[in-house]
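Chain letters run A, B, ... following the sequence lines, proteins first, then strands; residues in each count from 1.
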There are 2 protein chains.
Amino acid sequence: MNIGDVSRLSGLPSKTIRYYEEIGLVAPLRSDNGYRAFRDSDLHKLAFLGRARSLGFSIEDCRNLLTLYDDTTRASADVKTIARQHLTRIDQKLAELTALHDTLTHLIDACAGDHRPDCPILADLATVPDTKPGHSPLVR
Amino acid sequence: MNIGDVSRLSGLPSKTIRYYEEIGLVAPLRSDNGYRAFRDSDLHKLAFLGRARSLGFSIEDCRNLLTLYDDTTRASADVKTIARQHLTRIDQKLAELTALHDTLTHLIDACAGDHRPDCPILADLATVPDTKPGHSPLVR
DNA sequence: ATAAAGCCTCCCGCGACTGGAAGGTCAAGG
DNA sequence: CCTTGACCTTCCAGTCGCGGGAGGCTTTAT
């Protein structure tokens with residue numbers, strides 16, 4: 001299979017597949033003409049990567065997952081650990097976004113949204129942070 | 001005020017402040033020695049930027065918000081529009097992350113997580129996407 | 001006088017690709 | 001046989017929002 005074929009079958013752009021080879025996630029063979037020659041196993045790995053990435057796993061997660069995928073004697077606990085760590089990160093992000101959602105909703109509700117210049121949103125944005133000696137910027 | 005002073009007062013790293021100058025969000029004066037000389041108005045803008053960024057507004061949003069901030073005759077409706085668009089994006093992201101959360105939770109629940117190699121998580125990841133002619137990769 | 005801190009510019013790097021240029025290869029049609 | 005066009009190759013640059021660090025000023029404190 002050439003790269004175009006696996007691209008169509010896996011749903012990944014050719015560019016991405018070349019990138020994955022570059023960083024060592026797949027290692028297709030080479031034909032005499034220099035073209036990449038993908039085996040079925042390569043296709044499966046790429047499909048695996050596409051799915052894992054779409055679930056938000058980082059490249060490093062994917063690297064670890066692929067190793068486990070290749071190792072038929074792996075313990076499912078190892079996979080579960082990676083997945084749970086990822087889930088924790090997702091939940092963290094969810095909490096942050098929920099907080100943002102709430103803050104913004106409050107501000108938007110407080111704003112008349114008419115032709116007058118008076119605006120609680122800008123007023124909030126303009127508040128200078130109370131100086132914090134422990135240098136933790138952007139945290140409020 | 002030198003950059004260190006505004007950094008402390010605004011909570012933004014000096015590097016970030018220099019970057020904001022580079023992309024035209026602030027325009028401090030210069031002293032004879034070449035040091036940036038920040039006015040109070042610059043400090044307020046930077047604090048504004050820090051707060052807006054911490055609320056997840058994009059740099060381009062910030063640029064627009066700053067313009068409105070400078071314009072004392074602005075209509076609050078314009079600000080509200082930007083904020084609402086941002087809120088929409090946040091809600092979208094929230095929905096995506098929630099979907100990811102649900103999928104991952106299902107997979108994790110289905111996985112025994114013991115020493116055996118059998119793993120539903122890997123099994124799911126390994127499924128090759130059903131070929132889709134409309135080239136929309138990564139969407140499932 | 002000297003050391004330390006603060007400031008300057010410039011360049012490289014990150015993550016995970018994406019786009020484009022310049023060129024080799026292959027199958028089909030005239 | 002030649003051309004066209006699709007496909008493949010490598011390499012380089014850019015993305016976003018900074019952070020790290022080098023190398024070299026100026027200012028401040030001892």
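Computed from coordinates, the B:L12 CG to D:dG17 P distance equals 14 Å when rounded to whole Å. Regarding B:Y19, its OH atom lies at a distance of 18 Å from the P atom of C:dC12, rounded to whole Å. One atom, OH of B:Y20, and another, C1' of D:dG19, lie 13 Å apart when rounded to the nearest Å. Between the NZ atom of B:K15 and the P atom of C:dG13 there is a distance of 14 Å, rounded to whole Å. Put simply, CD1 on A:I17 is 11 Å from P on C:dC17, counting in whole angstrom units. Atoms CG (B:L49) and C1' (D:dC16) sit 16 Å apart, rounded to a whole Å. We find that CD of B:E22 is positioned 12 Å from C1' of C:dC11, with the value rounded to whole Å. Here the P atom of nucleotide D:dC7 and the CZ atom of A:F38 are 15 Å apart, to the nearest Å.
The side chain of A:T16 contributes an N or O atom lying less than 4.0 Å from OP1 or OP2 of C:dT18.
Set against C:dC7, D:dC18, D:dT9, the side chain of A:R36 has D:dT9 as its closest nucleotide. With distances taken from any side-chain atom of B:R30 to the nucleotides D:dC8, C:dT9, C:dC17, the minimum falls on C:dT9. Listed nucleotides D:dC11, C:dC8, D:dC8 differ in distance to B:I3; the shortest reach to its side chain belongs to C:dC8. When distances run from any side-chain atom of A:R53 to the nucleotides D:dC11, C:dA16, D:dC8, the shortest one goes to C:dA16.
Of all heavy-atom pairs between A:I90 and A:L55, the closest is CD1-O, 4.5 Å. Nearest heavy atoms, B:R53 versus B:I59: NE-CD1, 3.7 Å. Minimum heavy-atom separation, B:G113 to A:S76: N-OG, 3.1 Å. Listed here is the closest heavy atom pair of B:K45 and B:V26: CB-CG1, 4.0 Å. Summarising the geometry of B:T72 relative to A:P117, their closest heavy-atom pair is O-CB, 3.1 Å, with the distance given to 0.1 Å. Listed here is the closest heavy atom pair of A:D114 and B:A75: O-CB, 3.4 Å.
Scored by the side-chain contact (heavy atoms from CB on, under 4.5 Å) test, B:S41 finds B:R39 as partners (sequence neighbours excluded). Applying the side-chain contact (heavy atoms from CB on, under 4.5 Å) test to B:A123 and every residue at least two apart in sequence or in another chain returns nothing. In terms of the ring pair (Phe, Tyr, Trp, His ring centres under 6.0 Å) criterion, residue partners of A:F57 (sequence neighbours excluded) are, by chain and number, A:H86. Listed by chain and residue number, B:T73, B:R74 satisfy the side-chain contact (heavy atoms from CB on, under 4.5 Å) test with B:D71 (two or more places apart in sequence, or in another chain). In this structure, B:D78 has no salt bridge (charged side-chain N to carboxylate O under 4.0 Å, His left out) partners at least two apart in sequence or on a different chain. Contacts of A:T81 classified as side-chain contact (heavy atoms from CB on, under 4.5 Å), with partners at least two apart in sequence or in another chain: A:Q85. The ring pair (Phe, Tyr, Trp, His ring centres under 6.0 Å) check on B:Y35 picks up nothing, with sequence neighbours excluded.
The stretch residues 56-69 of chain B has no heavy atom under 4.0 angstrom from DNA chain C at all. A heavy-atom distance below 4.0 Å to DNA chain C is reached by none of the residues of residues 89-101 of chain B.
Summarising the geometry, atom CD1 belonging to A:I17 is positioned 5.0 Å from atom OG belonging to A:S7; distances are rounded to the nearest 0.5 Å.
Note on A:R18: a base of the nucleic acid sits closer than 4.0 angstrom, heavy atoms only. Among the protein residues, B:I23 comes within range of no part of the nucleic acid, since none of its heavy atoms lies under 4.0 Å from any strand.
The end-to-end axis angle of the helix from C:dA1-D:dT30 to C:dG30-D:dC1, rounded to 10 degrees and based on five pairs per end, is 30°.
The list of side-chain hydrogen bond (donor to acceptor under 3.5 Å, both in side chains) pairs with a residue in residues 24-33 of chain A, not counting sequence neighbours, reads A:E21-A:R30.
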Distances for protein N or O near nucleotides 24-29 of chain D N or O, under 3.5 Å:
unit_1	atom_1	unit_2	atom_2	d
D:dT27	OP1	B:N33	ND2	3.4

